[in-house]
Amino acid sequence: MTKQTFLHDKHVALGARMVDFAGWEMPVQYSSIIEEHKTVRESVGIFDVSHMGEVIVSGEDALPFLNKLVPQDITKLVNLKAVYCQLTNKKGGIIDDLIIYKLEDKKYLIIANASRIDDDLNWMVRNKCGFEVSIINESHNYSLLALQGPKACELLKSLGVENLPPFFHIKRAELFNINVWISRTGYTGEDGVEILIRNEFSEYLWDKLLDAGKQYGIKPIGLGARDTLRLEAALHLYGNDLDEETTPIEAGLSWSVSKDKTEEYNGKSVIEKQLREGITKKLIGFKMLDKSIARHGYDIYFEGTKIGSVTSGGVSPMRGDNIGMGYIKNLDKLAVGSTIQILIREKLHDAEIVKRPFVEKKNKNNI
Amino acid sequence: MNESMLCTKTHEYVLEQDNKYEIGITDYAIEQLGDIVFIELPDVNSKFSKNEAFATIESVKAASEIYMPISGTVVEVNEEIVNSPELMNDENYENKWFIKITSDADQVEFADLLDYSDYLEEIK
(Lines give C-alpha, C1' and ligand atoms only; values in the text may rest on other atoms or scores of the structure.)
Protein backbone atom coordinates (compact mmCIF):
# COMPACT_ATOMS: atom_id res chain seq x y z
CA MET A 1 0.00 0.00 0.00
CA THR A 2 1.37 3.40 -0.91
CA LYS A 3 1.75 5.96 1.83
CA GLN A 4 0.50 9.52 1.65
CA THR A 5 1.98 12.60 3.24
CA PHE A 6 -0.25 14.83 5.36
CA LEU A 7 -0.35 17.22 2.38
CA HIS A 8 -1.78 14.69 -0.06
CA ASP A 9 -5.17 16.41 -0.36
CA LYS A 10 -3.50 19.79 -0.84
CA HIS A 11 -1.55 18.44 -3.82
CA VAL A 12 -4.64 16.94 -5.40
CA ALA A 13 -6.57 20.21 -4.89
CA LEU A 14 -3.71 22.09 -6.60
CA GLY A 15 -4.09 19.82 -9.63
CA ALA A 16 -0.91 17.84 -9.11
CA ARG A 17 -0.27 14.65 -11.02
CA MET A 18 0.47 12.05 -8.34
CA VAL A 19 2.93 9.19 -8.83
CA ASP A 20 4.36 6.41 -6.76
CA PHE A 21 7.82 7.26 -5.45
CA ALA A 22 9.63 4.97 -3.01
CA GLY A 23 6.28 3.69 -1.73
CA TRP A 24 4.79 7.17 -1.38
CA GLU A 25 2.11 8.81 -3.47
CA MET A 26 3.84 12.08 -4.34
CA PRO A 27 3.20 15.07 -6.66
CA VAL A 28 5.42 14.80 -9.76
CA GLN A 29 4.23 18.07 -11.26
CA TYR A 30 1.57 20.72 -10.68
CA SER A 31 1.82 22.74 -13.90
CA SER A 32 4.91 22.13 -16.01
CA ILE A 33 8.23 20.71 -14.84
CA ILE A 34 10.15 23.33 -16.81
CA GLU A 35 8.10 26.22 -15.40
CA GLU A 36 8.43 24.86 -11.88
CA HIS A 37 12.18 24.47 -12.39
CA LYS A 38 12.54 28.09 -13.52
CA THR A 39 10.42 29.31 -10.60
CA VAL A 40 12.95 27.82 -8.17
CA ARG A 41 15.92 29.30 -10.06
CA GLU A 42 14.30 32.74 -10.37
CA SER A 43 12.07 33.28 -7.30
CA VAL A 44 10.94 30.65 -4.80
CA GLY A 45 9.30 27.22 -4.78
CA ILE A 46 7.76 25.16 -2.00
CA PHE A 47 8.21 21.38 -1.92
CA ASP A 48 6.55 18.69 0.17
CA VAL A 49 9.40 16.30 0.96
CA SER A 50 7.68 14.65 3.90
CA HIS A 51 8.52 11.24 2.46
CA MET A 52 12.11 11.76 3.62
CA GLY A 53 13.08 9.80 6.72
CA GLU A 54 13.94 11.31 10.10
CA VAL A 55 15.89 9.33 12.67
CA ILE A 56 16.99 10.55 16.09
CA VAL A 57 20.20 9.00 17.41
CA SER A 58 20.88 9.86 21.04
CA GLY A 59 22.59 8.58 24.16
CA GLU A 60 25.96 8.42 25.84
CA ASP A 61 27.64 6.81 22.80
CA ALA A 62 25.76 8.67 20.03
CA LEU A 63 28.96 10.30 18.78
CA PRO A 64 31.21 7.19 18.61
CA PHE A 65 28.29 5.23 17.15
CA LEU A 66 27.76 7.68 14.27
CA ASN A 67 31.50 7.90 13.77
CA LYS A 68 31.55 4.16 13.12
CA LEU A 69 28.84 4.53 10.45
CA VAL A 70 30.09 7.33 8.20
CA PRO A 71 33.43 8.49 6.69
CA GLN A 72 32.89 12.07 7.93
CA ASP A 73 34.43 12.90 11.30
CA ILE A 74 31.37 13.57 13.43
CA THR A 75 33.63 14.69 16.30
CA LYS A 76 34.05 17.96 14.40
CA LEU A 77 30.30 18.57 14.23
CA VAL A 78 29.33 21.37 16.63
CA ASN A 79 25.84 22.00 17.99
CA LEU A 80 23.27 23.07 15.38
CA LYS A 81 25.62 22.29 12.50
CA ALA A 82 24.87 19.77 9.73
CA VAL A 83 27.09 17.57 7.62
CA TYR A 84 26.50 15.65 4.37
CA CYS A 85 27.77 12.09 4.55
CA GLN A 86 27.18 8.49 3.55
CA LEU A 87 26.26 5.38 5.46
CA THR A 88 28.91 2.96 4.18
CA ASN A 89 29.04 -0.82 4.25
CA LYS A 90 32.17 -2.90 5.01
CA LYS A 91 33.30 -2.57 1.37
CA GLY A 92 32.92 1.20 1.42
CA GLY A 93 29.78 0.97 -0.72
CA ILE A 94 27.02 3.48 -0.04
CA ILE A 95 23.93 2.21 1.80
CA ASP A 96 22.44 5.71 1.79
CA ASP A 97 23.47 9.34 1.66
CA LEU A 98 22.41 11.41 4.65
CA ILE A 99 22.49 14.73 6.36
CA ILE A 100 23.40 14.47 10.03
CA TYR A 101 22.53 17.39 12.31
CA LYS A 102 23.88 17.79 15.80
CA LEU A 103 20.89 19.07 17.75
CA GLU A 104 22.63 19.07 21.13
CA ASP A 105 25.32 17.08 22.91
CA LYS A 106 24.61 13.35 22.50
CA LYS A 107 21.59 13.98 20.25
CA TYR A 108 21.65 13.88 16.46
CA LEU A 109 19.02 14.10 13.73
CA ILE A 110 19.51 12.11 10.54
CA ILE A 111 17.61 12.94 7.36
CA ALA A 112 17.57 9.87 5.10
CA ASN A 113 16.12 8.90 1.72
CA ALA A 114 12.58 7.53 1.77
CA SER A 115 13.64 4.60 -0.40
CA ARG A 116 16.42 3.65 2.04
CA ILE A 117 15.06 4.31 5.51
CA ASP A 118 14.32 0.65 6.28
CA ASP A 119 17.77 -0.50 5.14
CA ASP A 120 19.37 2.36 7.06
CA LEU A 121 17.61 1.39 10.29
CA ASN A 122 18.50 -2.29 9.87
CA TRP A 123 22.12 -1.39 9.29
CA MET A 124 22.21 0.92 12.30
CA VAL A 125 20.72 -1.74 14.55
CA ARG A 126 23.25 -4.30 13.26
CA ASN A 127 26.05 -1.90 14.20
CA LYS A 128 24.60 -0.95 17.56
CA CYS A 129 26.23 -3.70 19.63
CA GLY A 130 28.52 -2.27 22.29
CA PHE A 131 27.16 1.25 22.03
CA GLU A 132 24.86 2.86 24.57
CA VAL A 133 22.62 4.55 22.06
CA SER A 134 18.96 4.82 21.12
CA ILE A 135 17.85 4.88 17.48
CA ILE A 136 14.35 6.17 16.99
CA ASN A 137 12.59 6.39 13.64
CA GLU A 138 10.53 9.60 13.82
CA SER A 139 9.61 9.60 10.12
CA HIS A 140 5.92 8.99 10.75
CA ASN A 141 5.71 11.97 13.14
CA TYR A 142 7.34 14.64 11.03
CA SER A 143 6.67 16.52 7.80
CA LEU A 144 9.38 18.28 5.83
CA LEU A 145 8.73 21.34 3.64
CA ALA A 146 11.44 22.88 1.50
CA LEU A 147 11.52 26.54 0.45
CA GLN A 148 14.09 26.93 -2.29
CA GLY A 149 15.14 29.79 -4.53
CA PRO A 150 16.68 33.26 -4.44
CA LYS A 151 13.60 34.68 -2.69
CA ALA A 152 13.23 31.89 -0.09
CA CYS A 153 15.09 33.66 2.69
CA GLU A 154 13.49 37.02 1.92
CA LEU A 155 10.12 35.33 2.35
CA LEU A 156 11.14 33.87 5.72
CA LYS A 157 12.50 37.20 6.90
CA SER A 158 9.18 38.84 5.97
CA LEU A 159 7.54 36.33 8.32
CA GLY A 160 9.64 37.50 11.26
CA VAL A 161 12.31 34.80 11.24
CA GLU A 162 15.35 36.75 12.43
CA ASN A 163 18.89 35.49 11.91
CA LEU A 164 18.43 32.60 9.54
CA PRO A 165 20.91 29.79 10.17
CA PRO A 166 23.99 29.88 7.89
CA PHE A 167 24.50 27.27 5.15
CA PHE A 168 24.33 23.73 6.61
CA HIS A 169 23.13 24.91 10.02
CA ILE A 170 19.82 24.37 11.76
CA LYS A 171 17.92 26.38 14.35
CA ARG A 172 14.72 26.37 16.34
CA ALA A 173 12.30 29.08 15.23
CA GLU A 174 8.69 30.11 15.37
CA LEU A 175 6.66 30.40 12.18
CA PHE A 176 2.99 31.42 12.43
CA ASN A 177 3.24 30.52 16.13
CA ILE A 178 4.35 26.97 15.36
CA ASN A 179 7.63 25.59 16.65
CA VAL A 180 9.75 24.52 13.70
CA TRP A 181 13.29 23.47 12.92
CA ILE A 182 14.72 25.55 10.07
CA SER A 183 17.72 24.13 8.27
CA ARG A 184 19.70 26.00 5.59
CA THR A 185 19.87 23.04 3.26
CA GLY A 186 18.20 21.79 0.10
CA TYR A 187 18.47 19.69 -3.03
CA THR A 188 18.38 22.32 -5.77
CA GLY A 189 21.69 24.21 -5.67
CA GLU A 190 19.76 27.35 -4.73
CA ASP A 191 19.73 29.21 -1.45
CA GLY A 192 16.86 28.08 0.74
CA VAL A 193 15.73 26.15 3.75
CA GLU A 194 14.06 22.93 4.80
CA ILE A 195 11.46 23.21 7.55
CA LEU A 196 10.83 20.28 9.85
CA ILE A 197 7.50 20.24 11.67
CA ARG A 198 5.23 17.80 13.38
CA ASN A 199 2.66 16.35 10.96
CA GLU A 200 -0.32 18.04 12.54
CA PHE A 201 0.98 21.48 11.52
CA SER A 202 1.97 20.69 7.94
CA GLU A 203 -1.31 21.60 6.18
CA TYR A 204 -1.57 24.85 8.10
CA LEU A 205 2.03 25.83 7.38
CA TRP A 206 1.80 24.83 3.70
CA ASP A 207 -1.22 27.11 3.19
CA LYS A 208 0.35 29.98 5.14
CA LEU A 209 3.63 29.79 3.22
CA LEU A 210 1.88 29.59 -0.17
CA ASP A 211 -0.19 32.61 0.77
CA ALA A 212 2.66 34.68 2.20
CA GLY A 213 4.85 33.72 -0.76
CA LYS A 214 2.45 35.09 -3.37
CA GLN A 215 4.22 38.45 -3.47
CA TYR A 216 7.45 36.61 -4.31
CA GLY A 217 5.85 34.47 -7.02
CA ILE A 218 5.91 31.23 -5.02
CA LYS A 219 4.76 28.00 -6.68
CA PRO A 220 4.42 24.43 -5.44
CA ILE A 221 7.13 22.26 -7.00
CA GLY A 222 6.84 18.55 -7.75
CA LEU A 223 9.37 15.73 -7.81
CA GLY A 224 9.86 16.17 -11.57
CA ALA A 225 11.45 19.60 -11.15
CA ARG A 226 13.20 18.45 -7.97
CA ASP A 227 14.99 15.92 -10.18
CA THR A 228 15.96 18.38 -12.95
CA LEU A 229 17.10 20.93 -10.33
CA ARG A 230 19.31 18.47 -8.48
CA LEU A 231 20.77 17.20 -11.77
CA GLU A 232 21.77 20.74 -12.86
CA ALA A 233 23.39 21.14 -9.44
CA ALA A 234 25.05 17.70 -9.96
CA LEU A 235 23.65 16.42 -6.67
CA HIS A 236 23.55 12.63 -6.47
CA LEU A 237 20.31 10.66 -6.40
CA TYR A 238 20.44 7.44 -4.40
CA GLY A 239 19.51 4.45 -6.55
CA ASN A 240 20.65 6.26 -9.70
CA ASP A 241 24.07 7.71 -8.94
CA LEU A 242 24.81 5.96 -5.66
CA ASP A 243 24.49 2.33 -4.61
CA GLU A 244 26.03 -0.32 -2.39
CA GLU A 245 28.66 -1.19 -5.01
CA THR A 246 29.96 2.38 -5.27
CA THR A 247 32.18 4.18 -2.78
CA PRO A 248 32.12 7.90 -1.98
CA ILE A 249 35.50 8.27 -3.72
CA GLU A 250 34.22 6.73 -6.96
CA ALA A 251 31.11 8.90 -6.67
CA GLY A 252 33.20 12.09 -6.62
CA LEU A 253 32.35 12.66 -2.98
CA SER A 254 35.86 12.56 -1.49
CA TRP A 255 35.22 16.10 -0.19
CA SER A 256 32.76 14.49 2.22
CA VAL A 257 35.29 11.95 3.53
CA SER A 258 37.45 13.09 6.47
CA LYS A 259 41.06 12.31 5.51
CA ASP A 260 42.45 12.70 9.03
CA LYS A 261 39.79 10.73 10.89
CA THR A 262 41.49 8.43 13.42
CA GLU A 263 38.41 6.39 14.39
CA GLU A 264 37.54 3.24 12.48
CA TYR A 265 34.41 3.30 10.33
CA ASN A 266 32.75 0.76 8.05
CA GLY A 267 34.63 0.53 4.77
CA LYS A 268 37.55 2.66 5.95
CA SER A 269 40.29 0.34 4.63
CA VAL A 270 38.75 0.29 1.12
CA ILE A 271 38.14 4.04 1.07
CA GLU A 272 41.65 4.86 2.32
CA LYS A 273 43.20 2.49 -0.22
CA GLN A 274 41.27 4.24 -3.00
CA LEU A 275 42.43 7.63 -1.72
CA ARG A 276 46.04 6.36 -1.76
CA GLU A 277 46.09 4.29 -4.91
CA GLY A 278 43.28 5.67 -7.05
CA ILE A 279 40.02 4.28 -8.41
CA THR A 280 39.07 2.15 -11.40
CA LYS A 281 35.69 3.78 -12.06
CA LYS A 282 34.66 7.37 -11.59
CA LEU A 283 31.66 9.61 -11.87
CA ILE A 284 31.65 12.15 -14.68
CA GLY A 285 29.33 14.90 -15.84
CA PHE A 286 28.67 15.35 -19.56
CA LYS A 287 26.68 17.47 -21.96
CA MET A 288 25.17 16.12 -25.16
CA LEU A 289 26.59 17.67 -28.32
CA ASP A 290 23.32 17.22 -30.23
CA LYS A 291 19.65 17.45 -29.25
CA SER A 292 19.35 13.89 -27.98
CA ILE A 293 18.70 13.10 -24.33
CA ALA A 294 20.71 10.62 -22.27
CA ARG A 295 18.72 8.61 -19.72
CA HIS A 296 19.51 6.41 -16.75
CA GLY A 297 20.90 3.06 -17.92
CA TYR A 298 22.18 4.08 -21.36
CA ASP A 299 25.69 2.85 -22.22
CA ILE A 300 28.71 5.16 -22.53
CA TYR A 301 31.30 4.48 -25.26
CA PHE A 302 34.78 5.70 -26.07
CA GLU A 303 36.65 4.77 -29.27
CA GLY A 304 34.16 2.03 -30.02
CA THR A 305 34.30 0.34 -26.61
CA LYS A 306 31.76 0.43 -23.83
CA ILE A 307 33.34 2.19 -20.85
CA GLY A 308 30.39 2.75 -18.55
CA SER A 309 26.80 3.82 -18.24
CA VAL A 310 24.62 6.85 -17.59
CA THR A 311 23.17 7.05 -14.09
CA SER A 312 21.23 10.33 -14.42
CA GLY A 313 20.38 12.25 -17.54
CA GLY A 314 17.93 14.74 -18.88
CA VAL A 315 17.29 18.28 -19.95
CA SER A 316 18.85 21.34 -18.37
CA PRO A 317 16.12 23.98 -18.45
CA MET A 318 18.56 26.76 -17.52
CA ARG A 319 21.37 25.87 -19.95
CA GLY A 320 19.03 24.83 -22.75
CA ASP A 321 21.04 21.70 -23.54
CA ASN A 322 20.92 18.11 -22.31
CA ILE A 323 23.17 16.89 -19.53
CA GLY A 324 23.92 13.80 -17.52
CA MET A 325 26.16 11.96 -15.11
CA GLY A 326 27.50 8.45 -15.27
CA TYR A 327 30.27 6.12 -14.28
CA ILE A 328 33.14 5.32 -16.63
CA LYS A 329 36.38 3.35 -16.41
CA ASN A 330 39.01 5.68 -15.01
CA LEU A 331 41.11 6.04 -18.19
CA ASP A 332 43.95 8.57 -18.13
CA LYS A 333 43.08 9.99 -21.52
CA LEU A 334 39.55 10.93 -20.45
CA ALA A 335 39.16 14.30 -18.76
CA VAL A 336 37.01 17.42 -18.90
CA GLY A 337 36.80 18.36 -22.58
CA SER A 338 37.05 14.78 -23.91
CA THR A 339 34.39 13.54 -26.32
CA ILE A 340 32.58 10.33 -25.44
CA GLN A 341 29.48 8.70 -26.96
CA ILE A 342 26.15 7.74 -25.48
CA LEU A 343 24.23 4.85 -27.03
CA ILE A 344 20.66 6.05 -27.58
CA ARG A 345 18.21 3.79 -29.40
CA GLU A 346 21.05 1.87 -31.06
CA LYS A 347 22.88 4.99 -32.30
CA LEU A 348 25.98 6.61 -30.78
CA HIS A 349 25.62 10.30 -29.96
CA ASP A 350 28.58 12.55 -29.09
CA ALA A 351 28.80 14.05 -25.63
CA GLU A 352 31.53 16.09 -23.95
CA ILE A 353 32.81 15.55 -20.43
CA VAL A 354 32.20 18.78 -18.49
CA LYS A 355 32.77 20.08 -14.99
CA ARG A 356 30.14 19.54 -12.35
CA PRO A 357 27.92 21.26 -11.26
CA PHE A 358 26.28 22.12 -14.57
CA VAL A 359 24.98 25.46 -13.28
CA GLU A 360 26.55 27.76 -10.71
CA LYS A 361 25.47 26.93 -7.16
CA LYS A 362 24.03 29.86 -5.25
CA ASN A 363 23.89 28.41 -1.76
CA LYS A 364 27.46 28.13 -0.54
CA ASN A 365 28.33 31.42 1.07
CA ASN A 366 25.05 32.51 2.48
CA ILE A 367 25.01 33.71 6.03
CA MET B 1 -9.06 17.26 -32.59
CA ASN B 2 -10.84 16.15 -35.70
CA GLU B 3 -13.95 14.04 -35.14
CA SER B 4 -13.24 11.76 -38.09
CA MET B 5 -9.88 10.55 -36.89
CA LEU B 6 -9.27 7.01 -35.68
CA CYS B 7 -7.24 6.28 -32.58
CA THR B 8 -5.22 3.49 -31.03
CA LYS B 9 -5.37 2.51 -27.40
CA THR B 10 -1.73 3.66 -27.23
CA HIS B 11 -2.88 7.21 -28.13
CA GLU B 12 -1.83 7.55 -31.77
CA TYR B 13 -4.33 8.85 -34.32
CA VAL B 14 -4.71 8.48 -38.07
CA LEU B 15 -6.72 10.87 -40.24
CA GLU B 16 -7.44 10.37 -43.93
CA GLN B 17 -6.82 13.43 -46.10
CA ASP B 18 -6.66 13.57 -49.92
CA ASN B 19 -5.59 9.92 -50.36
CA LYS B 20 -2.94 10.34 -47.69
CA TYR B 21 -3.05 9.62 -44.00
CA GLU B 22 -1.89 12.02 -41.32
CA ILE B 23 -0.51 10.37 -38.18
CA GLY B 24 0.17 11.89 -34.78
CA ILE B 25 -0.67 11.55 -31.10
CA THR B 26 -3.85 12.62 -29.34
CA ASP B 27 -4.29 15.74 -27.22
CA TYR B 28 -4.74 13.45 -24.23
CA ALA B 29 -1.31 11.90 -24.85
CA ILE B 30 0.29 15.33 -25.19
CA GLU B 31 -1.26 16.45 -21.93
CA GLN B 32 -0.15 13.27 -20.16
CA LEU B 33 3.43 13.62 -21.39
CA GLY B 34 3.85 17.11 -19.97
CA ASP B 35 6.74 19.25 -21.25
CA ILE B 36 7.81 17.80 -24.60
CA VAL B 37 11.50 18.38 -25.23
CA PHE B 38 12.54 16.07 -28.06
CA ILE B 39 10.91 14.47 -31.11
CA GLU B 40 12.58 12.11 -33.55
CA LEU B 41 10.73 11.34 -36.80
CA PRO B 42 11.62 8.96 -39.65
CA ASP B 43 12.93 9.98 -43.07
CA VAL B 44 10.63 10.44 -46.05
CA ASN B 45 10.24 7.16 -48.01
CA SER B 46 10.72 4.97 -44.92
CA LYS B 47 8.25 2.09 -44.79
CA PHE B 48 6.61 0.81 -41.63
CA SER B 49 4.22 -1.96 -40.83
CA LYS B 50 1.25 -1.59 -38.53
CA ASN B 51 2.23 -1.36 -34.81
CA GLU B 52 5.88 -0.76 -35.67
CA ALA B 53 7.65 2.04 -33.74
CA PHE B 54 8.27 4.93 -36.15
CA ALA B 55 9.00 7.88 -33.86
CA THR B 56 10.26 8.80 -30.41
CA ILE B 57 8.90 11.56 -28.24
CA GLU B 58 10.57 12.62 -25.03
CA SER B 59 9.14 14.61 -22.17
CA VAL B 60 11.30 15.91 -19.33
CA LYS B 61 10.61 12.66 -17.48
CA ALA B 62 10.92 9.93 -20.09
CA ALA B 63 11.21 8.74 -23.68
CA SER B 64 8.22 7.09 -25.41
CA GLU B 65 8.00 5.18 -28.67
CA ILE B 66 5.18 6.03 -31.07
CA TYR B 67 3.64 3.20 -33.10
CA MET B 68 2.07 3.08 -36.57
CA PRO B 69 -1.74 2.83 -36.40
CA ILE B 70 -1.64 1.36 -39.93
CA SER B 71 1.14 0.38 -42.33
CA GLY B 72 2.49 2.76 -44.95
CA THR B 73 5.24 4.80 -46.57
CA VAL B 74 6.26 8.19 -45.20
CA VAL B 75 5.69 10.99 -47.72
CA GLU B 76 5.94 14.03 -45.45
CA VAL B 77 7.51 14.77 -42.05
CA ASN B 78 6.65 17.66 -39.70
CA GLU B 79 10.12 19.22 -39.38
CA GLU B 80 8.68 22.14 -37.43
CA ILE B 81 8.00 20.03 -34.32
CA VAL B 82 11.37 18.29 -34.67
CA ASN B 83 13.12 21.68 -34.60
CA SER B 84 10.85 23.15 -31.90
CA PRO B 85 9.33 20.30 -29.87
CA GLU B 86 8.03 22.80 -27.29
CA LEU B 87 5.38 23.80 -29.88
CA MET B 88 3.60 20.58 -28.90
CA ASN B 89 2.77 22.18 -25.53
CA ASP B 90 1.51 25.42 -27.12
CA GLU B 91 -2.29 25.39 -27.04
CA ASN B 92 -2.47 27.86 -29.92
CA TYR B 93 -0.27 25.80 -32.21
CA GLU B 94 -2.32 23.50 -34.42
CA ASN B 95 0.23 21.70 -36.61
CA LYS B 96 0.93 18.86 -34.21
CA TRP B 97 0.88 16.00 -36.74
CA PHE B 98 4.01 13.83 -36.98
CA ILE B 99 4.03 12.29 -40.47
CA LYS B 100 1.88 11.84 -43.56
CA ILE B 101 1.89 8.48 -45.29
CA THR B 102 0.46 6.66 -48.27
CA SER B 103 -1.01 3.33 -47.35
CA ASP B 104 -2.49 0.21 -48.87
CA ALA B 105 -3.87 -0.88 -45.51
CA ASP B 106 -6.92 -3.09 -45.78
CA GLN B 107 -9.95 -3.22 -43.48
CA VAL B 108 -8.21 -5.71 -41.20
CA GLU B 109 -5.65 -3.08 -40.23
CA PHE B 110 -8.39 -0.61 -39.39
CA ALA B 111 -10.44 -3.10 -37.43
CA ASP B 112 -8.92 -2.41 -34.01
CA LEU B 113 -8.84 1.40 -34.35
CA LEU B 114 -11.31 3.40 -32.27
CA ASP B 115 -13.65 6.16 -33.41
CA TYR B 116 -12.73 9.38 -31.63
CA SER B 117 -15.86 9.23 -29.46
CA ASP B 118 -15.03 5.63 -28.43
CA TYR B 119 -11.44 6.71 -27.72
CA LEU B 120 -12.72 9.46 -25.43
CA GLU B 121 -14.72 6.82 -23.56
CA GLU B 122 -11.62 4.64 -23.34
CA ILE B 123 -9.49 7.30 -21.62
CA LYS B 124 -12.16 8.38 -19.15
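Throughout, protein chains are lettered first and strands after them, A, B, ... in sequence-line order, and every chain is numbered starting at 1.
The contact between B:Ser59 and chain A is made entirely by backbone atoms, counting heavy-atom distances below 4.5 Å. With a threshold of 4.5 angstrom between heavy atoms, A:Thr228 approaches chain B through side-chain atoms but not through N, CA, C or O.
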Report task. Evaluate the side-chain contact (heavy atoms from CB on, under 4.5 Å) criterion for residues A:Asn322 and B:Val37: first the C-alpha distance (whole Å), next the side-chain angles of each, then the deciding distance (0.1 Å), finally the verdict. Result -> CA-CA 10 Å; A:Asn322 300 324; B:Val37 290; 6.0 Å; no

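Annotation: A:Lys38, atom NZ; neighbour count of heavy atoms from other residues, nucleotides and ligands within 6.0 Å does not exceed 12.
Residues of residues 79-106 of chain B lying under 4.5 angstrom from chain A, judged on non-hydrogen atoms, are B:Val82, B:Asn83 by number.
Between A:Lys291 and B:Glu58 there is no salt bridge, since none of the side-chain N atoms of the basic residue sits less than 4.0 Å from a carboxylate O of the acidic one.
Between A:Val315 and B:Asp35 the shortest side-chain heavy-atom distance does not fall below 4.5 Å.
Scanning both residues, A:Arg345 and B:Ala63, for their nearest heavy atoms gives NH1-CB, 4.0 Å. Considering every non-hydrogen atom in both B:Val60 and A:Arg295, the closest pair reads O-NH1, 2.9 Å.
To the nearest 0.5 Å, atoms CD (B:Glu40) and NZ (A:Lys347) are separated by 5.0 Å.
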